[in-house]
Amino acid sequence: MKKKLILSLLLMVTAVFAVGCSSSDSGEKIASKNTTLVTQVIDKGEVGSAIIIDYKGSVTGNELSNTDFSVFAGDKSRGIKAVYASKDATVGTPAAKGNYVVIELNPADDNASTLSFDVEKFNNERANLKYTVKQNSDINAGDKDYVETSALKVENVVSPILDEFKAGELKDGSTTMPYRMYSPKASKDKKPLIVFLHGSGERGDDNELQLLGNDGPATFAGAAFQSTTPSYVLAPQVEWDEARNGWFTEGKTETVKKLIDQVIAENDDIDTSRIYLTGVSNGATGVWKMLTENPDFYAAGAPIAGYMYDKDAEFVVNGTSRYLEPNPADAEKIKNIPIWAYQAEDDQVNSVEGTKSAVKAIQDAGGEKVQMTIYPAGLVTPSPHASWEKAYNDSRLLTWMAAQVK
């Protein structure tokens with residue numbers, strides 16, 4: 001009898017111990033619905049910049065380390081730059097304790113871009129947003145212990161730049177043009193309007209890509225520029241076309257001008273003596289075209305990696321690159337407009353001769369307000385065409401533009 005009693009007690013203790021271990025092992029696990037990918041636009045375009053996890057309880061920041069998590073874009077590993085607790089679901093706000101864990105990712109790693117370039121369509125696609133996150137260590141959050149997990153699908157995507165620029169659409173008869181616009185904080189002061197024309201890779205009708213392909217719009221809407229020069233920033237989008245005409249398709253730049261006029265009419269604090277044009281690649285050619293169409297309207301232009309448009313000219317081909325020779329009559333029209341053109345010497349898409357010949361034509365017409373920056377071969381990598389990666393990070397350009405008044 002005594003042996004049976006002892007055996008029963010042993011079995012009960014074993015059962016209780018097993019239940020305890022089972023409860024601990026199963027624990028709490030983060031859910032996909034509590035995970036968010038945050039994107040950011042840098043000079044090379046949009047990247048996945050952080051994963052934010054809501055633990056629904058206070059996590060201690062100094063108990064976290066980079067090895068606590070693994071993050072993948074598709075099946076490719078992402079580099080982790082920092083892991084910290086935060087009181088808010090925002091990047092860059094570390095706290096001693098907070099309900100959120102922020103996993104900052106390396107924006108320079110090979111798998112950072114959210115965009116994939118379709119060579120046949122000559123267009124970017126926002127295709128790299130499928131992320132997973134794996135918790136490698138147990139994490140305490142208040143009264144709950146969250147155990148390690150297998151890879152979880154990151155369910156939510158937040159792109160702050162798409163929230164900062166309000167979406168709109170111009171309707172002009174049978175023509176429509178989507179656009180995004182950043183509006184500065186309200187004040188009685190008059191403010192410039194900066195018009196940005198995207199390149200061929202951002203053609204479409206999603207009203208998003210024109211903000212994501214490079215950091216032109218983000219630079220002008222960013223805190224650094226806005227703190228010294230509060231400005232409206234307008235970024236229209238031209239539709240995809242097989243011929244890659246983009247902004248020099250018949251009537252497109254005229255539609256942009258109608259959009260600018262509408263924006264000015266709707267915002268009486270825009271300073272009409274400070275309307276600035278800038279654009280990249282095909283958008284740079286659009287800038288040259290718009291300057292010649294309304295030479296007395298714009299205060300300054302900054303075309304990057306383009307050429308002066310002439311519908312009657314034939315393309316001059318230099319290896320893999322091409323350009324149009326400028327029309328001297330067009331150069332005469334814009335000789336009094338402040339213009340700062342940028343391009344890389346080894347641009348493999350649009351020949352640097354496009355910028356050089358345009359600047360020379362204006363100077364030959366007597367223009368003294370035109371200048372250019374030509375980056376030496378090998379400086380702009382991996383794509384020498386993307387000289388905007390350097391140009392929009394040039395504080396001299398931003399300061400120069402903000403100082404121009406018509």
Side-chain angles (χ1 to χ4, degrees), residues 27-117 124 126-142 144-163 212-215 218 222-223 381-382 389 393:
E28 293 281 345
K29 289 188 177 182
I30 58 173
S32 286
K33 67 179 181 179
N34 295 330
T35 61
T36 299
L37 168 67
V38 181
T39 74
Q40 174 189 10
V41 177
I42 61 173
D43 50 10
K44 295 183 183 298
E46 186 187 40
V47 297
S49 63
I51 302 293
I52 299 178
I53 303 174
D54 183 0
Y55 278 92
K56 308 293 184 182
S58 185
V59 177
T60 302
N62 63 13
E63 294 179 356
L64 298 170
S65 74
N66 290 12
T67 58
D68 288 336
F69 300 92
S70 300
V71 177
F72 294 85
D75 60 354
K76 297 176 181 177
S77 177
R78 288 296 316 276
I80 295 176
K81 195 168 71 168
V83 176
Y84 50 85
S86 178
K87 294 179 181 178
D88 304 303
T90 55
V91 180
T93 58
K97 290 177 178 281
N99 285 11
Y100 300 93
V101 170
V102 178
I103 308 166
E104 283 196 25
L105 305 173
N106 180 3
D109 76 41
D110 292 339
N111 307 318
S113 178
T114 66
L115 304 176
S116 177
F117 190 72
N124 275 313
R126 203 176 181 215
N128 302 327
L129 290 170
K130 294 180 179 178
Y131 272 67
T132 54
V133 60
K134 182 175 180 291
Q135 182 182 309
N136 301 322
S137 311
D138 291 356
I139 290 177
N140 175 261
K144 294 181 180 179
D145 290 318
Y146 286 84
V147 298
E148 60 187 76
T149 68
S150 56
L152 293 171
K153 175 186 175 183
V154 177
E155 192 162 305
N156 309 296
V157 179
V158 172
S159 303
I161 193 169
L162 295 179
D163 296 327
L212 307 179
N214 61 74
D215 67 346
T381 59
E389 294 177 8
N393 284 309

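What you see is a predicted model, and the numbers here were worked out from it, not measured in a lab.
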Is a side-chain donor or acceptor of [X] paired with a backbone partner of [Y] at a separation under 3.5 angstrom?
X: Thr93; Y: Ser86; answer: no
X: Arg78; Y: Tyr131; answer: no
X: Tyr100; Y: Val59; answer: no

Any side-chain heavy atom of [X] sitting closer than 4.5 Å to one from [Y]?
X: Asn124; Y: Glu46; value: no
X: Leu105; Y: Val47; value: no
X: Ile42; Y: Gln40; value: yes
X: Ile51; Y: Thr36; value: no
X: Ile103; Y: Ile53; value: yes
X: Leu162; Y: Leu212; value: yes
X: Asp54; Y: Ile52; value: no
X: Pro382; Y: Lys44; value: yes

Query raised in the report: Any side-chain donor paired with an acceptor under 3.5 Å for Ser116 and Asn128?
Result: no
Query raised in the report: Cut-off 3.5 Å, side chains only: do Thr132 and Lys153 have a donor facing an acceptor?
Result: no
Looking only at heavy atoms, what is the nearest atom pair of [X] and [Y], with distance?
X: Asn156; Y: Ser32; value: ND2-O, 4.5 Å
X: Ala218; Y: Ile161; value: CB-CD1, 3.6 Å
X: Glu389; Y: Thr381; value: OE1-O, 4.1 Å
X: Ser58; Y: Asn99; value: N-OD1, 3.4 Å
X: Asn106; Y: Ala108; value: OD1-N, 2.9 Å
X: Ser70; Y: Asn136; value: OG-ND2, 3.0 Å

Tabulate below the donor-acceptor pairs under 3.5 Å that side-chain atoms of residues 145-152 make, not counting sequence neighbours, or state none.
from: Asp145; atom 1: OD1; to: Asn140; atom 2: ND2; distance (Å): 2.9
from: Tyr146; atom 1: OH; to: Tyr55; atom 2: O; distance (Å): 2.8
from: Thr149; atom 1: OG1; to: Gln135; atom 2: N; distance (Å): 3.2

Requested in this report: Tell me, yes or no, whether the heavy-atom count around Asn66 atom CG, taken from other residues, nucleotides or ligands under 6.0 Å, exceeds 12.
Outcome: yes
Report task. Evaluate the side-chain contact (heavy atoms from CB on, under 4.5 Å) criterion for residues Glu104 and Ile80: first the C-alpha distance (whole Å), next the side-chain angles of each, then the deciding distance (0.1 Å), finally the verdict. Result -> CA-CA 6 Å; Glu104 283 196 25; Ile80 295 176; over 6 Å; no
**Report entry** Spatial distance of atom OG (Ser77) from atom NZ (Lys134) [nearest 0.5 Å]
**Finding:** 11.5 Å
